Each structure stands twice: as structure tokens, then as C-alpha cells.
Asks: 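Have a look at this one.
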Number of protein chains: 2
Amino acid sequence: MTERTKGASIKDVAEYAGVSPKTVSRVHNGERWVREEVREKVLAAIKALNYRPNAAARSLSGSRSYLLGLVLDNPSSHYAGDVQLGALKRARLRGCHLVVEPVDIKAVNWTTELTASITALRLDGVLLTPPLCDNAEVLKVLDDLDIPYVRISPDRDPERSPYVHIDERAAAHEMTTYLLDRGHTDIGFIRGQATHSSARLRFEGFRDALAERGLAPREDWIVDGNFQFPSGQDAARTLLSGEGRPTAIFAANDAMAFGAIVAASKQGLSVPGDLSVVGFDDAPAAQIYSPGLTTIRQPVIEMGAMAVDLLLTPPGDEAASGGHCLAHGLVERDSVAVLANP
Amino acid sequence: MTERTKGASIKDVAEYAGVSPKTVSRVHNGERWVREEVREKVLAAIKALNYRPNAAARSLSGSRSYLLGLVLDNPSSHYAGDVQLGALKRARLRGCHLVVEPVDIKAVNWTTELTASITALRLDGVLLTPPLCDNAEVLKVLDDLDIPYVRISPDRDPERSPYVHIDERAAAHEMTTYLLDRGHTDIGFIRGQATHSSARLRFEGFRDALAERGLAPREDWIVDGNFQFPSGQDAARTLLSGEGRPTAIFAANDAMAFGAIVAASKQGLSVPGDLSVVGFDDAPAAQIYSPGLTTIRQPVIEMGAMAVDLLLTPPGDEAASGGHCLAHGLVERDSVAVLANP
DNA sequence: AAAAACACTGACATCGTTGTCAGGTTACCA
DNA sequence: TGGTAACCTGACAACGATGTCAGTGTTTTT
């Protein structure tokens with residue numbers, strides 16, 4: 001094997017520019033008190049030698065590692081992928097790299113492994129996605145390590161760390177109003193499991209929107225699901241088998257909405273002809289389903305990006321603390337029929 | 001802010017165990033020639049102090065960084081997520097961490113950025129996924145850096161680096177035979193774009209399987225698509241509008257298969273009642289589609305894992321060179337009708 | 001005009017680990 | 001018994017950056 005090509009070191013650059021290594025360090029770290037003339041000379045040398053500071057050396061010497069951790073429990077989901085994408089882009093802009101740390105809650109030693117990774121790498125901070133961001137053990141590990149973290153859509157403990165989220169209640173409210181405006185007043189709702197605050201907030205938005213029009217949800221048209229496809233099928237079967245039937249179903253997420261569509265089709269009901277269905281999340285399948293699913297889009301990529309920004313904000317800066325709400329969007333596709341003009 | 005808790009250093013462990021730091025290093029690196037008694041004493045000390053070697057220091061001192069790069073151009077796809085998951089798990093087993101490097105081919109400076117990341121972090125090796133693994137510029141950057149890399153399902157240059165793949169031709173052959181065995185002889189095929197060798201191989205497997213039964217594909221039932229959903233719709237419209245129509249459609253990937261199903265439904269054809277449709281890839285939507293899509297599953301997670309293994313095999317080891325083929329699977333769902341008993 | 005503050009630069013130690021090498025045992029063979 | 005190998009260990013110098021501090025000019029203040 002040939003010797004791995006080594007890049008230029010800070011010494012080479014210093015020599016080339018005729019200054020000390022320390023001055024080179026000052027220049028590319030943007031420290032004050034470097035003469036403009038010297039700065040330019042050094043920058044030219046850096047460019048000429050194509051110098052890249054060694055991250056390991058910086059980490060060892062300084063107090064930062066320029067490494068951020070993304071802790072995931074389900075790395076192959078589309079949601080996680082989008083968070084990662086946003087985080088990745090922003091991290092690069094900010095001169096950091098992203099190390100992905102998978103956590104398998106079902107494994108025996110996962111806390112040890114997480115601790116090991118964080119301490120070995122001296123991560124500067126950690127990003128947490130749901131549902132991990134509400135896992136007490138994870139938070140305890142991070143608190144014990146005294147490492148900064150930012151949560152994405154956490155369920156509870158708003159004071160515990162900075163976080164980003166969307167206004168789920170408002171989004172569900174908007175979706176419900178959208179249905180009402182199109183003449184739907186008989187709306188069934190498929191809930192998520194009560195342990196997720198999302199499930200609660202989305203239902204509350206639905207209920208409140210109805211209430212604003214002087215309506216109340218029919219009790220037997222509120223069915224529990226668990227955010228999974230099959231539970232959507234089951235729930236829809238229940239909704240469609242009772243006395244009378246709703247003209248629209250609002251599922252608390254897309255997977256259950258797909259289940260509802262399939263269940264309706266199997267009963268010979270066409271969507272949206274006989275039944276309108278809406279979801280929440282804008283899953284990738286939503287645009288290739290038949291019919292295309294009207295749903296709520298979360299700005300997941302931006303959430304990942306903002307989480308990195310918060311993480312890199314100097315501690316103590318008030319601007320980064322607390323919750324940061326990003327705008328959602330209602331994505332109109334083909335799964336809703338218009339019963340009356342808005 | 002409180003001072004970040006620092007873990008024990010190798011000196012602490014050495015002192016605790018009553019040996020030199022170098023011996024501690026020897027123990028946890030599994031070097032030879034450490035007395036059993038000493039080894040145990042050191043291991044006990046490591047455990048007692050909960051010692052984790054500092055990755056930055058190791059990287060700086062030794063020749064390895066214990067960091068692998070995963071270069072992705074579309075980090076939020078399910079495929080990329082699964083590769084990552086497999087790579088992540090295996091990397092952890094092998095004591096490495098994974099740094100994700102997004103590459104946006106459309107950006108101006110992407111080669112510079114990639115080079116910068118690799119040299120700054122002194123990555124031990126890099127994983128490449130399609131279609132990036134066939135990008136000449138990426139390969140040139142890596143070759144110039146003289147950094148080991150492993151490709152996943154590359155299109156060409158089999159000698160250029162180790163790689164993992166599945167036998168796409170055999171898989172398509174198997175799927176075609178599956179259709180033939182169920183009485184389908186009038187089969188339409190939706191191809192991918194010719195620039196992907198996957199498209200070619202999958203088509204060849206299809207053609208060969210027909211040929212083995214003494215059949216030849218009908219020319220106007222071979223339609224070109226581009227692996228995207230809409231092209232599947234268009235292709236199916238073409239296939240279903242000519243004189244006579246196939247009893248089955250084999251799409252070169254799932255996205256186009258979904259398009260075909262939707263197009264068929266719009267023409268009043270039920271799947272699989274009036275038309276069978278199969279795909280390739282086992283996209284997440286395949287199991288929540290109506291009907292569930294019969295398709296080929298690639299062992300993507302295992303491929304990511306094996307890629308890491310290959311990357312960590314010492315260079316020069318013959319076992320790691322060349323291509324490594326993993327087994328695919330035919331996932332039987334509900335999109336194929338039986339016209340005759342197999 | 002002296003003192004003080006500011007602006008700029010480099011020497012040197014340091015971060016935590018591993019590579020190199022020299023040295024000390026013990027075991028084996030002639 | 002002496003010599004050579006194999007086995008085991010630690011001192012010391014890297015690795016490539018940054019933090020600290022001292023030192024030298026230059027300006028501003030007193």
C-alpha cells in the first residue's frame with residue numbers, strides 16, 4: 001500500500017507564510033488582533049497548500065470537538081432521514097460534522113454504549129428526535145454527562161432543554177376547519193395512543209375547531225388507533241359500521257389514514273367520492289397514494305437545521321432557550337370531496 | 001456553566017492499576033505480550049474508573065481515526081436510511097463511528113467540501129451508495145485522497161474497489177418465473193432509464209426468463225420509464241391502450257409499479273382482478289398499498305453492514321476484494337392473480 | 001515626557017494517546 | 001553454562017492543533 005497522502009499541517013502553512021503556527025491558528029479561527037496584511041498572507045498560504053486543520057488535533061487541544069451527535073432509535077424512517085438531512089446541511093455550514101448514534105432501547109447495554117460514544121468522541125452536543133427525546137433514561141444520561149442537547153417535538157418538560165416543534169393543535173384545527181369549510185360536519189377522528197402528546201394535541205385541535213362552529217364530535221366517531229397502518233384499518237371499519245356514517249375521517253397520522261382508505265375501499269366506498277379522508281405528517285406515500293392524501297406537512301428538514309443552530313448557540317444565550325415553533329402547512333391533494341362551497 | 005465532567009484518562013487508569021500508560025494502551029488495544037495477570041488488573045481498573053479512550057487523541061497519535069464516512073446524496077430516502085442502519089450497527093460492533101457526509105452534486109463546491117471533510121477528519125474509509133458510487137468525480141476525489149472505499153450496488157468498474165450487490169438479473173428472472181408459473185404469459189415491462197445498470201439487468205432477467213420458456217417479450221409491451229412514480233403511470237397508460245393488453249405488468253421498481261396500479265385503477269381495471277402488477281425494491285409503501293405489492297426485497301441493511309466489514313478488512317486481504325453478492329427475496333403480497341396453477 | 005493602554009506576534013506547554021525503542025525477565029537450546 | 005530467542009514492560013517522543021503568557025511595537029492618556 002502506498003503511504004496515505006497527508007495534507008499540509010499548520011507548520012507547513014506557517015513556514016510558507018513566514019509566520020508562527022499560532023498566527024495561522026488565529027487567522028482561520030477568526031481571532032482578533034491579526035494585522036490585515038498578515039491575515040491575507042496566511043489565507044493565501046492556506047489556499048495555496050490546501051490546508052485543512054486536523055479535527056482530532058483541534059479537539060484534543062481545544063475545548064470543542066466540532067462533532068455533533070444525532071441520537072436516533074429508528075434511523076431508517078423518513079422522518080429521521082429528513083431531520084438528519086436538515087441537521088447535516090446546517091452543521092456543515094457551521095463547520096461541524098454529524099455523528100449518528102443509533103440507540104436500541106431494547107438492547108441491554110444501550111445506556112453504556114451511548115455514554116461511551118459521547119465521552120469517547122467528546123461530542124459538543126446532541127440532537128434528540130421523538131420518541132427518544134422523551135425517554136427518561138436518555139435524558140438522564142445526557143444530564144449526567146452535562147452535555148448540551150436539543151429536542152425535536154418533545155412531549156414534556158419544556159424547561160429541560162431548548163427544543164423545536166410545530167403547533168400541532170393549530171395544525172389539526174386548521175385541517176378540521178378545512179373540512180368544515182367544504183361542508184363536512186360529520187367527521188370521524190382516529191386518535192393515536194394516549195402516551196404521545198401529539199395524539200392529544202391533534203385531537204384537541206380537532207375538537208376545538210368543531211366547538212368554534214358550535215359542533216361537538218360524536219362520541220362513537222372518535223376511535224383509538226396506535227399510529228400504525230393496521231390500526232387505521234380497524235378504526236375505519238368501526239367508524240363505518242355504526243349507525244349512519246361520517247362523510248369524512250381525520251386520522252391523527254398518515255399511516256392510519258392509509259389504513260382508513262383501504263378499509264373504505266374494501267367496503268365498496270370510494271375516496272373521496274363516498275368518504276373523505278385526511279391525515280397528518282405528509283408521509284412519502286401520501287403523494288403516490290390513490291387518491292393523493294390531503295395532510296399536514298411538518299417542516300422536518302428545517303426543524304433539524306434549527307436544532308443544530310440552537311445547539312451551537314453559546315450556552316446562556318436567552319435566544320436559544322425554550323421552545324421554537326416552526327410553521328406547518330396544509331397539503332391539499334385529492335382525498336377530500338367538496339360537499340358545499342366554502 | 002459548570003465545568004463539563006471529564007472522564008478518566010489513561011494516566012488515571014495506569015496509576016490505579018500500577019502500570020504505565022503504555023501498558024493500559026496495550027491492553028485495551030488487544031496487543032500481544034501482556035501478562036494475563038496484568039491484563040486483568042488493567043481491565044479491572046478500566047472498569048472501575050469507567051475509562052473511555054479519547055478518540056481524538058487516538059486518531060492524532062495513531063494512524064487510524066476510528067471514523068468511517070457514509071457519503072450520501074439523498075439522505076432521506078428509505079434506501080439510504082437502511083444502508084445507514086446496517087452500517088451503523090456493524091460499525092459500532094467494530095468499535096468505529098459513522099460520520100455522514102451529504103453530497104449535493106448540484107452544488108458548486110461539493111468536491112472541495114467532500115475533500116475537506118475527509119482530510120479534516122482523517123476518515124479511515126468511506127461507504128458509497130448508488131447513484132453516487134458511479135459518479136466519476138467522487139471516485140476521483142477518493143482515489144486522489146488514497147482513501148479506501150466500498151461501493152454498494154455499483155454500475156461499473158468492478159475492479160476499482162470492493163463492493164456489495166445483489167444479483168439483479170437473477171431476481172428479475174425469479175420474479176418473471178413467478179408470474180409465468182401463475183399463468184401469465186402476456187407480460188408488459190416498464191424499464192428504468194438506460195443509464196442505470198439496474199435497469200438493464202432487471203430487464204435482461206425478465207427477457208431471459210421468458211426465453212427459457214420459449215417466449216419473447218412483445219416489443220410494444222416494453223416501455224421506458226425513469227424509476228419515478230409519474231413515469232409508471234404514463235407507461236401503464238401506454239401499455240393498456242394498445243391492441244390487446246397484458247395480464248401482468250412488471251415494473252423495474254416499486255415507484256413505477258405504484259404508478260401502474262393507479263393508472264390501471266383510473267381505467268377501471270382492478271388490481272389484481274383484471275391486471276397483475278409487480279415491482280422491485282420493496283419500498284415502505286409496498287405493504288400499505290392497496291393491493292399490497294408483490295416485489296423483490298433487497299437486503300439493504302445487511303449490505304450496509306457488509307460494506308463496513310469490507311472497509312475494515314486490512315488492505316491487501318484477498319477476502320475483501322471484488323464483489324460480494326447477497327441474497328434477495330421475493331415478497332409475495334396481493335398484486336398478482338393466479339391464472340393457472342403453478 | 002512618562003505612563004498606560006492597545007495591537008500584534010511567537011515561544012512553549014499541553015491535550016491523551018500510540019509508535020519506537022531500549023531494557024529486563026524468563027525459557028529453551030546447544 | 002552461555003547464548004539466543006521469546007516474552008513482557010516502561011521511558012520518551014511524537015501527532016497537530018490551541019491556551020497562556022511574555023514580549024515588542026504603537027498609540028493614547030495623564
Side-chain angles (χ1 to χ4, degrees), chain A residues 3-42 45-46 49-67 95 97 116 119-124, chain B residues 3-42 45-46 49-67 95 97 116 119-124:
Chain A
E3 184 63 24
R4 184 78 54 81
T5 312
K6 289 187 180 173
S9 82
I10 199 169
K11 272 191 188 170
D12 305 324
V13 178
E15 205 167 321
Y16 187 99
V19 297
S20 75
K22 177 66 209 185
T23 298
V24 176
S25 165
R26 272 195 264 265
V27 169
H28 84 236
N29 281 34
E31 287 177 35
R32 295 190 312 170
W33 293 327
V34 178
R35 234 187 323 154
E36 192 51 35
E37 179 197 333
V38 174
R39 174 184 306 279
E40 276 164 22
K41 210 164 49 179
V42 170
I46 288 178
L49 300 182
N50 199 24
Y51 166 69
R52 308 285 166 194
N54 180 323
R58 293 179 95 186
S59 162
L60 189 55
S61 172
S63 53
R64 299 182 53 192
S65 67
Y66 303 90
L67 253 29
H97 293 268
T119 60
L121 257 23
R122 302 276 194 273
L123 297 181
D124 287 340
Chain B
E3 185 65 23
R4 183 80 52 83
T5 313
K6 288 187 184 174
S9 83
I10 198 169
K11 273 191 188 169
D12 305 325
V13 178
E15 204 167 322
Y16 187 98
V19 296
S20 76
K22 177 66 208 185
T23 297
V24 176
S25 166
R26 272 195 265 266
V27 169
H28 84 238
N29 282 30
E31 286 178 37
R32 295 190 310 169
W33 294 329
V34 178
R35 232 191 321 159
E36 193 49 36
E37 179 197 334
V38 175
R39 175 184 307 278
E40 276 165 21
K41 209 164 52 178
V42 170
I46 288 178
L49 299 182
N50 199 24
Y51 166 68
R52 307 286 167 195
N54 179 322
R58 292 228 276 176
S59 162
L60 190 55
S61 173
S63 54
R64 299 182 51 192
S65 67
Y66 302 90
L67 252 30
H97 293 269
T119 59
L121 294 173
R122 300 276 193 274
L123 297 182
D124 288 340

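A note on names: the letters A, B, ... follow the listed sequences, proteins ahead of strands, and every chain is numbered from 1. This one's a predicted model, so the numbers in the text were calculated from it and none came from an experiment.
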Asks: Give me the atom names and distance for the closest heavy-atom approach of A:R32 to A:R26.
Replies: O-CD, 4.5 Å
Asks: Could you state the atom-to-atom distance from CZ of A:R32 to P of C:dA7 in whole Å?
Replies: 7 Å
Asks: Can you tell which of D:dT18, C:dT17, D:dC8 lies closest to the side chain of A:K22?
Replies: D:dT18
Asks: Nearest to the side chain of B:P53, which nucleotide is it out of D:dT18, D:dA11, C:dT17?
Replies: C:dT17
Asks: Minimum heavy-atom separation for B:V24 and B:V42, please, with both atom names.
Replies: CA-CG1, 4.0 Å
Asks: What's the closest nucleotide to the side chain of B:S20 if the choices are D:dT9, D:dG16, D:dG10?
Replies: D:dG10
Asks: So for B:R52 and C:dG16, does any side-chain atom that can act as donor or acceptor lie under 3.5 Å from a complementary atom in the base?
Replies: no
Asks: Could you check how far CD1 of B:I10 sits from C1' of C:dG19, rounded to whole Å?
Replies: 13 Å
Asks: Would you kindly compare B:R39 and A:G62 by the position of their nearest DNA chain D nucleotide and give the one closer to the 5′ end?
Replies: B:R39
Asks: Between the two ends of the helix from C:dA1-D:dT30 to C:dA30-D:dT1, what is the bend in degrees, rounded to 10 degrees, where each end axis spans five pairs?
Replies: 40°
Asks: Just the rounded figure in Å: distance from P of C:dT17 to NZ of B:K11.
Replies: 10 Å
Asks: Assess whether side chain to side chain contact (heavy atoms under 4.5 Å, CB included) is satisfied between B:N29 and B:R58, documenting all intermediate values.
Replies: CA-CA 11 Å; B:N29 282 30; B:R58 292 228 276 176; 3.3 Å; yes
Asks: How far does CG of B:L121 sit from OG of A:S59, to the nearest 0.5 angstrom?
Replies: 10.5 Å
Asks: Atom CZ of A:R122 to atom P of D:dA17: distance rounded to whole Å?
Replies: 19 Å
Asks: As a test of reading the structure: which of D:dG16, D:dC8, D:dG10 is closest to the side chain of B:W33, going by heavy atoms?
Replies: D:dC8
Asks: Using heavy-atom distances to pick each residue's nearest nucleotide on DNA chain C, tell me which of A:V38 and B:N29 is more 5'.
Replies: A:V38
Asks: What distance separates B:R52 CZ from A:R122 CZ, expressed to the nearest 0.5 Å?
Replies: 11.5 Å
Asks: Check every atom of C:dT9, D:dA11, C:dG16 against the side chain of B:A57 and return the nucleotide holding the closest atom.
Replies: C:dG16
Asks: If you look at every heavy atom in B:R64 and B:D124, which pair is closest and at what distance?
Replies: CA-OD1, 3.4 Å
Asks: Using a heavy-atom cut-off of 4.0 Å across all strands, would you classify A:V24 as base, sugar-phosphate, or nothing?
Replies: nothing
Asks: Counting just side-chain N and O atoms, does B:S25 come under 4.0 Å of either OP1 or OP2 of C:dT18?
Replies: yes
Asks: Scan B:Y66 against the nucleic acid and name what it touches under 4.0 Å (heavy atoms): base, sugar-phosphate only, or nothing.
Replies: nothing
Asks: Measure CD/A:E31 against P/D:dT18 and give the value in whole Å, please.
Replies: 8 Å
Asks: Would you mind reading off the distance between A:N54 atom CG and D:dA14 atom P, rounded to a whole angstrom?
Replies: 18 Å
Asks: Checking side chain to side chain contact (heavy atoms under 4.5 Å, CB included) for the pair A:E36/A:E40: CA distance, chi angles, key distance, verdict?
Replies: CA-CA 6 Å; A:E36 192 51 35; A:E40 276 164 22; 3.3 Å; yes
Asks: The side chain of A:H28 is closest to which nucleotide in this list: D:dT9, C:dA11, D:dT18?
Replies: D:dT18
Asks: Whole angstroms only, please: what is the CZ-C1' distance between B:R26 and D:dC8?
Replies: 8 Å
Asks: Answer yes or no: side-chain N or O of A:R35 and base N or O of D:dG25 forming a donor-acceptor pair under 3.5 Å.
Replies: no
Asks: It should be established whether B:T23 places a side-chain nitrogen or oxygen under 4.0 Å from OP1 or OP2 of nucleotide D:dG10.
Replies: yes
Asks: Whole-Å distance between D:dG16 P and A:R64 CZ?
Replies: 22 Å
Asks: How far apart are the closest heavy atoms of B:Y16 and B:A45, and which atoms are they?
Replies: CD2-CB, 3.4 Å
